[in-house]
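Note on naming: letters A, B, ... go to the chains in the order of the sequence lines (proteins, then strands), and numbering restarts at 1 for each one. Model, not experiment: these values are computed from the prediction.
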There are 2 protein chains.
Amino acid sequence: MTAPARPYHHGNLRESLLQAAEKALESGGIQGLTLRQLSRELGVSHTSPLRHFSNKQALLDGLAIRGFERLGETLSRAVKHRGQEFSARLTRLARAYVGFQAKHAALCGLMFEAKHRPEAPRELLEAGERAFSHGPAIFAEGQANGEVAAGDPARLSLVVFAALQGLIAISTNGKFKGVSLDILVPEIIARIIVGMQPCSDER
Amino acid sequence: MTAPARPYHHGNLRESLLQAAEKALESGGIQGLTLRQLSRELGVSHTSPLRHFSNKQALLDGLAIRGFERLGETLSRAVKHRGQEFSARLTRLARAYVGFQAKHAALCGLMFEAKHRPEAPRELLEAGERAFSHGPAIFAEGQANGEVAAGDPARLSLVVFAALQGLIAISTNGKFKGVSLDILVPEIIARIIVGMQPCSDER
DNA sequence: ACCTGAACACCGTTCAAGT
DNA sequence: ACCTGAACACCGTTCAAGT
């Protein structure tokens with residue numbers, strides 16, 4: 001029996017690179033994320049990363065894909081409890097989304113920038129769509145319960161996520177004109193939901 | 001009479017740098033924007049830019065400030081006609097905002113990134129606020145005409161701009177799931193406006 | 001299969017010097 | 001006041017070579 005699948009000098013460099021890259025991103029921004037610096041930290045030669053990622057952008061894409069996967073898990077947990085009424089679930093989802101972005105600001109910036117490129121790999125686009133799929137899901141369930149007006153759940157969900165995403169983009173340091181996002185998020189959700197309620201008093 | 005205020009080797013390098021930088025940004029993205037490359041194009045030494053901007057970030061900030069100023073002018077033109085009804089004006093404003101971002105995508109990315117930094121200069125933050133001031137303005141006028149429900153105009157405007165900003169961020173290549181922003185923008189505006197109309201049938 | 005080291009063509013920034 | 005040139009400490013990527 002030969003030695004197990006233990007690579008040459010490191011453990012599994014690909015995984016270590018992604019972890020170190022994310023740490024570097026959170027602490028020093030995209031500026032501090034350098035293949036050579038990563039190599040130094042992991043004690044390998046400065047060309048080793050190119051064995052696992054064909055270039056720097058490929059590593060960034062890998063980081064973005066994992067980011068979307070974790071975002072998806074976070075949103076999934078937020079909408080888990082099916083017993084609640086629609087507006088409560090949507091607010092939980094919105095808070096989870098904004099919270100994730102606040103916690104991983106640099107990573108989220110990278111995620112959307114990576115997704116925007118025309119040459120973005122299919123895997124990345126799919127990871128993004130999976131992460132956002134929890135929105136349409138609860139809208140569809142809300143419609144099934146008669147809590148939400150008819151319409152394409154994906155489009156209804158888009159309005160909410162767009163508003164949240166824009167709120168984050170426009171705000172500075174988690175605030176807009178001194179008002180915390182914790183306060184603005186439910187306010188915005190409430191305002192948008194009004195336009196999505198089924199017409200109980202048709203005339 | 002001595003020679004007029006004609007600088008040493010160039011015309012006015014500061015202005016030329018900003019123009020060349022914006023051109024480089026639009027054509028090659030932030031990647032292609034390099035002090036040394038700019039210097040080469042303008043035929044000056046590679047350290048000349050540092051005479052006018054203390055470092056690269058200062059030049060990027062300058063670019064962002066001008067970007068916000070031009071955005072403000074664009075939005076100002078969009079809301080000029082006071083005779084129209086509120087919803088038409090808001091839709092024009094929204095289209096102008098999305099159009100500007102579509103036309104100057106890389107610049108807009110830079111603008112918001114620059115504004116997000118904790119060390120962003122005061123001048124930049126003020127330019128940003130001025131650009132967005134046209135939103136609250138038409139909301140206030142809409143309220144004066146009885147077309148919009150009561151509430152802080154800045155907060156009402158925020159909901160709309162956040163939704164637009166997020167729509168741009170979430171979409172890829174000007175589309176979301178194959179649907180053009182030209183279609184989605186008025187749809188979103190219409191959906192949000194519903195929640196802002198004054199209660200004509202109070203009970 | 002995986003890693004290394006020299007080499008190449010770039011960067012931003014500093015600093016003493018020039019006109 | 002404005003610009004230059006050498007120098008420093010970095011980059012990403014290629015490529016022949018090693019185990």
Protein heavy-atom contacts under 4.0 Å, written 5' to 3' over nucleotides 5-10 of chain D as B (base), S (sugar-phosphate only) or - (none), form the string BBB---
Run the side-chain donor-acceptor check on residues 68-76 of chain B: report pairs under 3.5 Å with partners two or more places apart or on a different chain.
from, atom 1, to, atom 2, distance (Å)
Arg70(B), NH1, Glu22(B), OE1, 2.8
Arg70(B), NH1, Glu22(B), OE2, 2.5
Arg70(B), NH2, Glu22(B), OE2, 3.3
Arg70(B), NH2, His104(B), NE2, 3.3
Thr74(B), OG1, Arg70(B), O, 3.0

Those residues at least two apart in sequence (or on a different chain) that pass salt bridge (Lys or Arg N to Asp or Glu O under 4.0 Å) with Arg155(A) are Glu187(B)
Hits for salt bridge (Lys or Arg N to Asp or Glu O under 4.0 Å) against Glu113(B), two or more places apart or cross-chain, chain-then-number order -> none
Applied to residues 56-67 of chain A, the salt bridge (charged side-chain N to carboxylate O under 4.0 Å, His left out) test, sequence neighbours excluded, yields Glu15(A)-Arg66(A), Asp61(A)-Arg117(A)
Residues at least two apart in sequence or cross-chain that pass ring-ring contact (aromatic ring centres under 6.0 Å, His included) with Phe53(B), listed by chain then number, are none
Whole-Å distance, His52(A) NE2 to dA1(C) P, equals 13 Å
The complete set of side chain to side chain donor-acceptor pair (under 3.5 Å) pairs with one or both residues in residues 88-97 of chain A, sequence neighbours excluded, reads Arg89(A)-Glu141(A), Tyr97(A)-Gln101(A), Tyr97(A)-Gln165(A)
For Ser180(B), the side chain to side chain donor-acceptor pair (under 3.5 Å) test, sequence neighbours excluded, returns none
Between CG of Asn12(B) and C1' of dC3(D) the distance, given in whole Å, is 15 Å
Please determine whether side-chain hydrogen bond (donor to acceptor under 3.5 Å, both in side chains) holds for the pair Glu41(A) and Gln37(A), giving the CA-CA distance in whole Å, both sets of side-chain angles, and the decisive distance to 0.1 Å. CA-CA 6 Å; Glu41(A) 284 172 21; Gln37(A) 177 59 32; 3.3 Å; yes
(message) Can you confirm whether Glu85(B) sits close enough to Asn145(B) that some side-chain heavy atom of one is under 4.5 Å from a side-chain heavy atom of the other?
(response) no
Between CD of Gln31(B) and C1' of dC11(D) the distance, given in whole Å, is 12 Å
So side chain to side chain donor-acceptor pair (under 3.5 Å) across residues 125-137 of chain B, not counting sequence neighbours, yields Arg122(B)-Glu126(B)
Residues of residues 53-67 of chain B with a heavy atom under 4.0 Å from any atom of DNA chain D, listed by number, are none
When Arg51(A) and Leu35(A) are each assigned the nearest nucleotide of DNA chain D, the 5'-most assignment goes to Leu35(A)
Taken in chain and number order and not counting sequence neighbours, the residues that satisfy salt bridge (Lys or Arg N to Asp or Glu O under 4.0 Å) with Arg77(A) are none
ask   = Looking for any heavy atom pair under 4.0 Å, which part of the strands does Leu50(A) touch: base, sugar-phosphate only, or nothing?
value = base
Writing each nucleotide of DNA chain C 5' to 3' as (, ), [, ], | or . by Watson-Crick or G-U pairing under 3.5 Å yields ||.|||||...|||||.||
Leu38(A) atom CG is separated from dC11(D) atom C1', nearest whole Å, by 13 Å
